[in-house]
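Numbers here are sequence positions counted from 1. Since the structure is predicted, the reported quantities are computational estimates derived from the model, not experimental observations.
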Amino acid sequence: MESLLREWDGETVIVRHDRPTRAWIFIAIHSTHLGPAAGGTRMKSYPDVQEALQDVFRLAAGMTYKFAIPGLPWGGGKAVVAIPPDFDPQSRPALLRRYGALVHQLRGLYYTGPDVGTSSADMDIIAETGAPYVFGRTPVAGGAGPSGPGTALGVFTGIQVACEHLFGEASLKGRRVLVQGAGSVGETLIEYLRSAGAEVLFSEVDEGTIRRFRDELELKFVPSEEVYTAECDIFAPCALGGVLDANTIAQLKCRIVAGGANNQLAGPKDAESLRARRILYAPDYVINVGGAITLLGLETLDWTQERAEEEVAESVRRALRQVFELAASEGITTEAAARRIAEEHLS
Ligand code: PHE
């Protein structure tokens, strides 16, 4: 714990142990350089507290870069609510209200919204005590709804830009795309891809979701143990982070990696390995900003849904093209190029 805290390059971390549920709450403020920190609340179990802290640190930093690339006036933050494995779902609403009260106490240092393990319905509950610092409530409660569809649109645009760069055309007709995780982002991404004429494969761990996509939509299901060896044009990680490491990269049979998950690279060296294998990587935080843009635009700038979609597609297209150009002209990885652009905007 101590070394994690010492080595983190962020600004502040708020720690709360929730005694009634034995959950740990971490709110990491990575940077408020461009504006107040914003980022979703991730709620899940972790093998240990250190991993939860490490996750929130990396996720918060990812938000800083995500906002810096298009130059949005927001800083990077994230919250993790690490629940014990035997967590009683009945205690969830009360925990969310206590968490909302904590967000409220920060008086706008940190704005939250949905992320892995939390929904718009959860945001409604968090907002009972945490308003006005909560994005992504249900439309009935006055919010903009979930962030997944907006994120999916940005990822879809990113995939088109990557195809244009590598194959000379943005069209997805007949392209094979493997979507890892058919959750909030993955399910909408699959819709976009199918409408564009792509051949969609998916992998997923939830049985009900597998049945829905395999049996009802007749999509090809790829079991977890075959995800990294499946042949495809585009691999789109839309589940959890850390999926690209030395081991998985060596197995990949795709030309492009472009997905919605945060922190897809296990470590900095992995961007080099992808480049060495001539796999074009669309950096996660460059193309998964769509959820943030949508929520912030709809809820703070009075945008219409149509405007939000235009802004997402336009800003992902512009940013990713710039990243690919810089990477090619400097002979660096796309990850290094993205980092350079973000850091320029931060300085
Ligand atoms: N959790 C999503 C993300 O990582 C959406 C989100 C963005 C939620 C900004 C709140 C604030 O981008």
Does [X] reach the side chain of [Y], with side-chain heavy atoms less than 4.5 Å apart?
| X | Y | answer |
| --- | --- | --- |
| Thr138 | Met123 | no |
| Glu343 | Tyr65 | yes |
| Ile256 | Ile159 | no |
| Leu252 | Leu244 | yes |
| Ile14 | Ile29 | yes |
| Leu274 | Leu265 | yes |
| Glu335 | Val323 | no |
| Phe57 | Val13 | yes |

Check: [Y] main-chain N/O paired with [X] side-chain donor or acceptor under 3.5 Å:
| X | Y | result |
| --- | --- | --- |
| Asp284 | Gln264 | yes |
| Thr334 | Tyr281 | yes |
| Glu204 | Asp206 | yes |
| Thr333 | Ala271 | no |
| Glu128 | Arg97 | no |
| Ser329 | Leu326 | yes |

Inset, instruction - Sorted by first residue and then second, give each salt bridge (Lys or Arg N to Asp or Glu O under 4.0 Å) pair with at least one member in residues 39-65; sequence neighbours left out. - result: Arg42-Asp55, Arg42-Asp115
Working to the nearest 0.5 angstrom, can you tell me the gap between [X] [atom1] and [Y] [atom2]?
| X | Y | atom1 | atom2 | value |
| --- | --- | --- | --- | --- |
| Thr64 | Glu11 | OG1 | CD | 8.0 Å |
| Thr157 | Glu309 | OG1 | CD | 10.0 Å |
| Asp245 | Gln251 | CG | CD | 8.5 Å |
| Leu296 | Leu301 | CG | CG | 7.5 Å |
| Leu59 | Thr41 | CG | OG1 | 11.0 Å |
| Leu189 | Ser184 | CG | OG | 11.5 Å |

Inset, instruction - Determine the interplanar angle of the Tyr111 and Tyr133 rings, folded into 0 to 90°, and report it as parallel if under 30°, tilted if 30 to 60°, perpendicular if over 60°. - result: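 Geometry flag for Tyr133 against Tyr111: perpendicular rings.
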Inset, instruction - Check whether more than 12 heavy atoms from other residues, nucleotides or ligands sit under 6.0 Å from atom CG of Asp215, and answer yes or no. - result: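 Atom CG in Asp215 is crowded, with more than 12 foreign heavy atoms closer than 6.0 Å.
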Legend entry - Full working for side-chain contact (heavy atoms from CB on, under 4.5 Å) between Val49 and Phe26: CA-CA 10 Å; Val49 191; Phe26 296 118; 3.6 Å; yes
Legend entry - Pair Phe135 and Trp74, ring centroids less than 6.0 Å apart: yes
Legend entry - Pairs satisfying ring-ring contact (aromatic ring centres under 6.0 Å, His included), at least one member in residues 303-346, at least two apart: His165-Phe324
Inset, instruction - Taking the six-membered ring of Phe167 (Phe, Tyr or Trp), confirm whether the NZ or CZ of Arg175 is under 6.0 Å from its centre and within 45° of its axis. - result: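 Judged by the rule, Arg175 and Phe167 form a cation-pi pair.
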Under 3.5 Å donor-acceptor pairs involving side-chain atoms of residues 220-235, not counting sequence neighbours:
from, atom 1, to, atom 2, distance (Å)
Tyr228, OH, Gln180, NE2, 3.1
Thr229, OG1, Glu226, O, 3.2
Asp233, OD2, Arg176, N, 2.8

Inset, instruction - Please list, chain by chain and in numerical order, all residues satisfying ring-ring contact (aromatic ring centres under 6.0 Å, His included) with Phe213, sequence neighbours excluded. - result: Phe202
Inset, instruction - List in chain and number order the residues that pass ring-ring contact (aromatic ring centres under 6.0 Å, His included) with Tyr99, two or more places apart in sequence or in another chain; answer none if no residue qualifies. - result: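 In terms of ring-ring contact (aromatic ring centres under 6.0 Å, His included), with neighbours along the sequence ignored, Tyr99 is linked to no residue.
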Legend entry - Short side-chain donor-acceptor distance under 3.5 Å, Glu164 and Gln160: no
Donor-acceptor contacts, no H, no angles, side chain residues 83-93, under 3.5 Å, sequence neighbours left out:
from, atom 1, to, atom 2, distance (Å)
Asp86, OD1, Arg22, NH2, 3.4
Asp86, OD2, Arg22, NH2, 3.3
Asp88, OD1, Gln90, N, 2.9
Ser91, OG, Asp88, O, 2.6
Arg92, NE, Asp122, OD1, 3.3
Arg92, NH2, Gly117, O, 2.9
Arg92, NH2, Asp122, OD2, 2.7

Legend entry - side chain to side chain contact (heavy atoms under 4.5 Å, CB included) partner of Val316, chosen from Val161, Ile69, Val155, Ile287: Ile287
Legend entry - Audit row: Leu34, Leu72, side-chain contact (heavy atoms from CB on, under 4.5 Å) steps and yes/no: CA-CA 7 Å; Leu34 297 177; Leu72 297 172; over 6 Å; no
Legend entry - Arg317 bridged to Glu314 by N-O distance under 4.0 Å: yes
Legend entry - salt_bridge(Arg340, Glu344) N-O dist < 4.0 Å: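 Not counted as a salt bridge, because no side-chain N and carboxylate O are separated by less than 4.0 Å.
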Inset, instruction - Evaluate the criterion side-chain contact (heavy atoms from CB on, under 4.5 Å) for residue pair Glu311 and Thr294; output intermediate values, then yes/no. - result: CA-CA 8 Å; Glu311 297 275 353; Thr294 307; over 6 Å; no
